[in-house]
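Here's the structure we're looking at; comments come further down.
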There are 2 protein chains.
Amino acid sequence: MSDGTGRGGESLLFLTDEQLKKGIEAMFFAYRGFTADPDLILDDYGYGRAHHRAIHFISRSPGTTVNNLLSILGVTKQSLNRVLRTLIEDGLVESRVGTRDKRERHLHLTETGQILEADLSRVQRDRLRMAYRTAGPEAVAGFRKVLEEMMDPEMQRHFRLLKESGP
Amino acid sequence: MSDGTGRGGESLLFLTDEQLKKGIEAMFFAYRGFTADPDLILDDYGYGRAHHRAIHFISRSPGTTVNNLLSILGVTKQSLNRVLRTLIEDGLVESRVGTRDKRERHLHLTETGQILEADLSRVQRDRLRMAYRTAGPEAVAGFRKVLEEMMDPEMQRHFRLLKESGP
DNA sequence: CTTGGAATGTCAACAAGGCTGACATAAAAT
DNA sequence: ATTTTATGTCAGCCTTGTTGACATTCCAAG
């Protein structure tokens, strides 16, 4: 609908290397802004982005297993384990041995964990909402579309499985 | 112009927390895809993303000073220095003492450095071009607009100073 | 039933690349 | 002449990635 074989496709052929480089730089600078606000909060707790990512995806999929989290985060289980251990020790995450399969650990945020998650999420959503509001709704749709196309296929799969609006 | 008090602003008020979270996750997954291809090349050289960033911005602003690079990259001079030292030792970057101000070092890519830069840039531009093409030109405009709004103001300033199309 | 392999998670050790702090040098600015 | 600025270096720390070794659990084949 927005991109037939007409004007759209053709004008894209005129993308210069420098325009693409500006896109690359936009991603770089924007990602810094994107993480800046949560980083401030995390510092207070002695945590880093790895903790934030774990907390975020546990919050989004309560009861998820370590293995599932691994495939989403794309790190080694040893890396994830270190982060999870501190979160569990600090009482932010609870690890329940699976009932059906006792090898699995199902991860949940504790109440304390939910509070931190809410704080982190709020500042990050605020930044995004502000950017969305200034850019306008059509820009938002384009933003999402390009980002989705930039993902590796396996990440696209994970991404699409996350819920957008209540079930 | 695109976002008065009309339709645009109002529809944005309906953004749910979950829609915003999907935006957050899109940034996370997309950034992984964004860096994946250069990371493969960098591995062959024993380099990391820090090297890539230095190479990229030296290439974009030949003759830039260490201090200018620091403010763009947002790291400490010790961190940057470690990376620059290896790049200079390996003959990818040349550091020329300033003529007007001899305290400054002006950084340039050597021919070897330009070859690596070209390789890194090509795969990253290819990924972006593919995403742009699939998403369509209007999506691209929105993508760029939202990213720009997501940056911290100082980064916006740096971003806008980078050339988009020949001078 | 037992044994062996696969899946899952933990512990240990190492490397990259952030960080701070202290300090040296040289040039520029006052 | 003194201070400030730009840069570089050394030492040491932390986070977060990595690999290797190992324990536990499940399941399936003999």
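Convention: sequence-line order gives letters A, B, ...; per-chain numbering from 1. Everything numeric here is computed off the predicted structure, so don't read it as measured data. Note that these values count all heavy atoms, side chains included, but never hydrogens, waters or copies made by symmetry.
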Looking only at heavy atoms, the pair that brings B/L107 and B/I58 closest together is O-CG2, 3.8 Å

Please give me the minimum heavy-atom distance between B/R160 and A/K22, naming the atom from each residue. CA-NZ, 4.0 Å

Charged N-O contact under 4.0 Å between A/D152 and B/R127: yes

Round to the nearest Å and state the distance from [X] atom [atom1] to [N] atom [atom2].
{"X": "A/D101", "N": "C/dA6", "atom1": "CG", "atom2": "P", "answer": "16 Å"}
{"X": "A/L87", "N": "C/dG9", "atom1": "CG", "atom2": "P", "answer": "16 Å"}
{"X": "B/E104", "N": "C/dA29", "atom1": "CD", "atom2": "C1'", "answer": "14 Å"}
{"X": "A/N81", "N": "C/dC11", "atom1": "CG", "atom2": "C1'", "answer": "8 Å"}

Do side-chain atoms of [X] reach the backbone of [Y] as a donor and acceptor pair under 3.5 angstrom?
{"X": "A/T86", "Y": "A/V83", "answer": "yes"}
{"X": "A/E149", "Y": "B/Y132", "answer": "no"}
{"X": "B/R49", "Y": "B/P38", "answer": "no"}

With a strict under 4.0 Å distance from non-hydrogen atoms of chain A, what nucleotide opens and what nucleotide closes the contacted stretch of DNA chain D, reading 5' to 3'? D/dT15 to D/dC26

Under a 3.5 Å cutoff, is there a donor and acceptor pairing between the side chains of B/S95 and B/H106? no

Under 3.5 Å, which N/O atoms of the protein pair with N/O atoms of nucleotides 17-24 of chain C?
{"residue": "C/dG17", "atom": "OP1", "partner": "B/G48", "partner atom": "N", "Å": "3.1"}
{"residue": "C/dG17", "atom": "N7", "partner": "B/R82", "partner atom": "NH1", "Å": "3.3"}
{"residue": "C/dG18", "atom": "OP1", "partner": "B/R53", "partner atom": "NH2", "Å": "2.5"}
{"residue": "C/dG18", "atom": "N7", "partner": "B/R82", "partner atom": "NH2", "Å": "2.7"}
{"residue": "C/dC19", "atom": "OP2", "partner": "B/T76", "partner atom": "N", "Å": "2.7"}
{"residue": "C/dC19", "atom": "OP2", "partner": "B/T76", "partner atom": "OG1", "Å": "3.1"}
{"residue": "C/dG21", "atom": "O6", "partner": "B/Q78", "partner atom": "NE2", "Å": "2.9"}

Sub-4.0 Å heavy-atom contacts from residues 54-68 of chain A onto DNA chain D, ordered by number: none

Only one of B/Q114, B/R96, B/E94 passes side-chain hydrogen bond (donor to acceptor under 3.5 Å, both in side chains) with B/H108; say which it is. B/R96

Measure the acute angle between the ring planes of B/F57 and A/F28, then classify it against the limits of 30° and 60° as parallel, tilted or perpendicular. tilted

Tell me whether the rings of B/Y47 and B/Y45 are parallel (<30°), tilted (30 to 60°) or perpendicular (>60°). parallel

